[in-house]
Amino acid sequence: QVQLVESGGGLVQAGGSLRLSCVVSGRTGSSFAMAWFRQAPGKEREFVAAISWIGGSTDYADSVKDRFTISRDNAKNTMYLQMNSLKPEDTAVYSCAARAGSFLYHTAHTWGPWGQGTQVTVSS
């Protein structure tokens with residue numbers, strides 16, 4: 001049983017930065033991955049970035065790979081998403097997710113469990 005809790009969302013001006021956190025609790029197994037997804041109003045949930053928990057390998061959506069950085073602190077059981085050069089189109093509810101095995105999946109329904117989400121709003 002794994003529980004995820006996101007934090008760090010808020011309101012920021014275009015060009016600014018935010019850091020999101022996702023605290024993981026419960027037993028995750030020996031091999032698992034973590035990811036960030038986002039969902040804007042009227043749109044489907046979109047893959048943002050993923051990371052292998054043990055090895056730290058990363059994967060990014062093309063739309064964010066030059067601006068966002070995913071990382072994790074194993075000792076703190078926490079995953080982060082550092083978001084720089086934010087744009088209004090980054091506005092969305094950002095959710096963290098976990099899955100057993102590989103981090104190389106972009107389809108939301110293959111991930112779970114999920115956190116509750118944290119709102120990121122970028123003003124122009």
Side-chain angles (χ1 to χ4, degrees):
Q1 188 176 35
V2 178
Q3 295 181 357
L4 311 173
V5 180
E6 306 98 329
S7 63
L11 176 64
V12 65
Q13 291 184 333
S17 299
L18 284 173
R19 189 185 72 164
L20 306 183
S21 299
C22 176
V23 178
V24 183
S25 63
R27 296 188 177 276
T28 57
S30 299
S31 178
F32 71 100
M34 298 283 292
W36 291 97
F37 287 78
R38 65 187 183 185
Q39 187 168 27
K43 298 184 181 296
E44 290 191 340
R45 194 156 46 191
E46 174 190 23
F47 172 80
V48 177
I51 189 166
S52 172
W53 195 256
I54 302 302
S57 299
T58 59
D59 186 29
Y60 295 92
D62 289 342
S63 60
V64 307
K65 64 182 180 181
D66 57 335
R67 299 179 295 122
F68 293 7
T69 302
I70 188 171
S71 62
R72 87 277 188 255
D73 187 329
N74 299 55
K76 296 181 178 180
N77 289 335
T78 302
M79 177 179 65
Y80 304 97
L81 184 68
Q82 179 65 48
M83 304 185 294
N84 298 326
S85 301
L86 283 162
K87 306 174 181 179
E89 51 262 44
D90 294 318
T91 296
V93 174
Y94 284 71
S95 300
C96 62
R99 72 184 308 279
S102 178
F103 68 102
L104 296 172
Y105 290 87
H106 293 183
T107 304
H109 76 260
T110 67
W111 289 80
W114 294 82
Q116 83 289 348
T118 185
Q119 176 70 48
V120 172
T121 302
V122 184
S123 64
S124 59

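Across Gly9 and Thr118, no two heavy atoms sit closer than the pair N-OG1, 3.1 Å. Of all heavy-atom pairs spanning Asp73 and Tyr80, the tightest one is CB-CE1, 4.0 Å. Smallest separation of non-hydrogen atoms from Ala35 and Phe37: CB-CE1, 3.8 Å.
Trp36 CH2 to Leu20 CG: the interatomic distance, rounded to the nearest 0.5 Å, is 4.5 Å. For the atom pair CZ of Arg19 and CE of Met83, the computed distance is 11.5 Å after rounding to the nearest 0.5 Å. Here the NZ atom belonging to Lys87 is positioned 14.0 Å from the OG atom belonging to Ser124, to the nearest 0.5 angstrom. Separating the CE atom in Met34 from the OG1 atom in Thr78 is a distance of 9.0 Å, to the nearest 0.5 Å.
A 4.5 Å side-chain heavy-atom check between Gln3 and Pro113 finds every atom pair outside the cut-off. Side-chain contact check for Phe68 versus Asp90: some heavy-atom pair is nearer than 4.5 Å. Counting heavy atoms from C-beta outward, Arg72 and Val24 have side chains that stay 4.5 Å or more apart.
Cation-pi contact between Arg45 and Trp114: present, with separation from the ring centre below 6.0 Å and deviation from the ring axis of at most 45°.
Between the side chain of Gln13 and the backbone N or O of Ser123 there is no donor-acceptor pair closer than 3.5 Å. Between the Gln116 side chain and the Glu6 main chain, a donor and an acceptor come within less than 3.5 Å of each other.
Applying the side chain to side chain contact (heavy atoms under 4.5 Å, CB included) test to Thr121 and every residue at least two apart in sequence or in another chain returns Leu11, Thr91, Gln119.
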For residues 96-105, which side-chain donor-acceptor pairs fall under 3.5 Å, sequence neighbours excluded?
residue, atom, partner, partner atom, Å
Arg99, NE, Thr110, O, 3.3
Arg99, NH1, Ser102, O, 2.7
Ser102, OG, Leu104, N, 3.0

Exercise answer: donor-acceptor pairs, residues 50-66 side-chain atoms, under 3.5 Å, sequence neighbours excluded:
residue, atom, partner, partner atom, Å
Asp59, OD2, His106, NE2, 2.5
Tyr60, OH, Ile70, N, 2.9

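By the rule that hydrophobic residues join a cluster once side-chain heavy atoms approach within less than 4.5 Å of another member, Leu81 and Val23 end up as members of separate clusters. Taking hydrophobic clusters as Ile, Leu, Val, Met, Phe, Trp and Tyr residues chained together by side-chain heavy-atom distances below 4.5 Å, Val2 shares a cluster with Phe32. Val48 and Trp111 fall into different hydrophobic clusters, defined by Ile, Leu, Val, Met, Phe, Trp and Tyr side-chain heavy atoms under 4.5 Å apart, directly or through other members.
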